[in-house]
Number of protein chains: 2
Amino acid sequence: MPRVSEQYRADRRAEIMAAAARLFAINGFHSTSMADIIGESGLSAGAVYRYFRSKEDLITAVAETALSSADEVFGSLLAEGATPSPEQAMTAMIHVIDGEMAHHPALGIDVTRVGLQVWAEALRSPQVAARADGVYKRLRGYFAEVARRWQAAGQLDAGAVPEQVGAAMLGLMQGFIVQRLLVDGTDPDDYLAGVKALRQSID
Amino acid sequence: MPRVSEQYRADRRAEIMAAAARLFAINGFHSTSMADIIGESGLSAGAVYRYFRSKEDLITAVAETALSSADEVFGSLLAEGATPSPEQAMTAMIHVIDGEMAHHPALGIDVTRVGLQVWAEALRSPQVAARADGVYKRLRGYFAEVARRWQAAGQLDAGAVPEQVGAAMLGLMQGFIVQRLLVDGTDPDDYLAGVKALRQSID
DNA sequence: AGAATAAAGGCGAATGTTCGTTCTTGATAA
DNA sequence: TTATCAAGAACGAACATTCGCCTTTATTCT
């Protein structure tokens, strides 16, 4: 069916990416073959290669999707929750991971699984590494903004450096992603309770 | 040189594993070929396959080393530091990651890089997943023990659940591992300052 | 003690498979 | 008729692994 609409092309591309993402989430980038992806997509080799120049292209595209998904989801959290308390903010973030990220609305997969693959891939692909660096710096910036609001509300020491607090918050989220996938029985509310208790510890 | 001592065999095995670990840390498990490992080890294909039945065996062995390295290093931290304050404990843990783990004494590599690969691999290998689950539960147990000591010293609310606090501490460490490798300019002391400030935030 | 033998270690070319990718051919909408 | 797209067989490269041969050490026999 030649001479196809722009929409058609975009949809096909998205279909292929979704098929690849499903397999990547299960077996990782490098234990998934192009034959697997071609099969899962229901198209032919020739068709897939019309939409993606190479496997690396496909990996980069899926990694990009996973990273921007995190960006969007945490960004919108900041936009909505005007001035959340520390506890509210933590709760919202953890539930976003356990909710929208664990069941991605568009891809229908657990994007945090792809996230773990992206972290590993960033160690060998400068392109993925650059995107990851950019996205995580932006996330840290979002969290730093939250910290600033806490300072304004007197919930956080005025002398604290917001970017540093943002890094710690980001770290707590990344740690939850790891444990949720790797440690059996990890529960969002248990984790949140632990964070809260730790926040109230004194030296 | 047939009929060789037990020590000799163990040394050779360790050499091969170290060669593999060096490459895995750079390119990951599945973008490193057996030919690469054979070359790096300085031995022949036949020799390497005498010590490891398959590539998967080699991956499992290296993953195991990385995981037990984390276990040992955090376990000994608990043994030494009798009753550290929250701040002291966090500082010690972060510096262990930035020190002994970033420059593994035996392997001479950054084991946290292998750690990221292990996380990704755990998603597809039940064997690696089981080991990761076991090790992280033990680490969480170590940290829970620290939390109990804080409770005894009145530094942590008596109603807090030590295992939950341990999970949060573990999460902070895993998050630091991610950021140190992926976010340019991540600094241990900045991260610690962020954790401290966050710990002093109030709802 | 010294020669012969047995067994283990090491080597590297060879093997069969799987990989990512390409190319030819046929079909379809403009 | 022409340009676009899909199909899938075909291709060379790279892959993990094996196998036959040679070397070296430990043991046995004379």
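For the numbers below, each heavy atom of this structure counts, side chains included, while hydrogens, waters and symmetry mates do not. Everything numeric in this text was worked out from a predicted model, so none of it was measured. Order of the sequence lines sets the chain letters (A, B, ...), proteins ahead of strands, with each chain counted from 1.
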Asks: Figure out the CG/C1' separation between Asn27(A) and dC19(C), and round it to whole Å.
Replies: 15 Å
Asks: Between Glu121(B) and His30(B), is the side-chain hydrogen bond (donor to acceptor under 3.5 Å, both in side chains) condition met? List the steps.
Replies: CA-CA 10 Å; Glu121(B) 186 66 12; His30(B) 302 289; 2.8 Å; yes
Asks: Find out whether Val96(B) and Met101(B) are in side-chain contact, i.e. whether some heavy atom of one side chain is under 4.5 Å from a heavy atom of the other.
Replies: yes
Asks: Please determine whether side-chain hydrogen bond (donor to acceptor under 3.5 Å, both in side chains) holds for the pair Asp71(B) and Ser68(B), giving the CA-CA distance in whole Å, both sets of side-chain angles, and the decisive distance to 0.1 Å.
Replies: CA-CA 5 Å; Asp71(B) 191 348; Ser68(B) 14; over 6 Å; no
Asks: Rounded to whole angstroms, how far apart are CZ on Arg12(B) and C1' on dC11(C)?
Replies: 12 Å
Asks: For residues 42-58 of chain A, which residue pairs qualify under side chain to side chain donor-acceptor pair (under 3.5 Å), counting only residues two or more places apart or in two chains?
Replies: none
Asks: Show every ring pair (Phe, Tyr, Trp, His ring centres under 6.0 Å) that has at least one partner inside residues 86-108 of chain A, sequence neighbours left out.
Replies: none
Asks: Within less than 4.0 Å of OP1 or OP2 of dT24(D), is there a side-chain N or O belonging to Tyr8(B)?
Replies: no
Asks: Please state whether the phosphate of dA6(D), meaning OP1 or OP2, lies under 4.0 angstrom from any side-chain nitrogen or oxygen of Ser44(A).
Replies: no
Asks: Considering the terminal five base pairs at each end of the helix from dA1(C)-dT30(D) to dA30(C)-dT1(D), what angle separates the two local helix axes, rounded to 10°?
Replies: 10°
Asks: Could you state the CZ-P distance from Arg9(B) to dA8(C), rounded to the nearest angstrom?
Replies: 11 Å
Asks: With the sugar-phosphate defined as primed atoms, P, OP1 and OP2, and the base as all remaining atoms, what B/S/- string results for nucleotides 10-21 of chain D, 5' to 3', for protein heavy atoms under 4.0 Å?
Replies: -----SSBB---
Asks: Only pairs under 3.5 Å count here: list side-chain donor-acceptor contacts from residues 161-178 of chain B, not counting sequence neighbours, and write none if there are none.
Replies:
from      : atom 1 : to        : atom 2 : distance (Å)
Glu163(B) : OE1    : Arg140(B) : NE     : 3.3
Gln164(B) : NE2    : Asp190(A) : OD1    : 3.0
Gln174(B) : OE1    : Gln179(A) : NE2    : 3.2

Asks: Taking atom CD as the centre, does Glu145(B) end up with more than 12 heavy-atom neighbours from other residues, nucleotides or ligands that are less than 6.0 angstrom away?
Replies: yes
Asks: Can you measure Ile16(A) atom CD1 to dC5(D) atom P for me and round it to whole angstrom units?
Replies: 12 Å
Asks: For Phe74(A), give me all partners under ring-ring contact (aromatic ring centres under 6.0 Å, His included), at least two apart in sequence or on another chain.
Replies: Phe143(A)
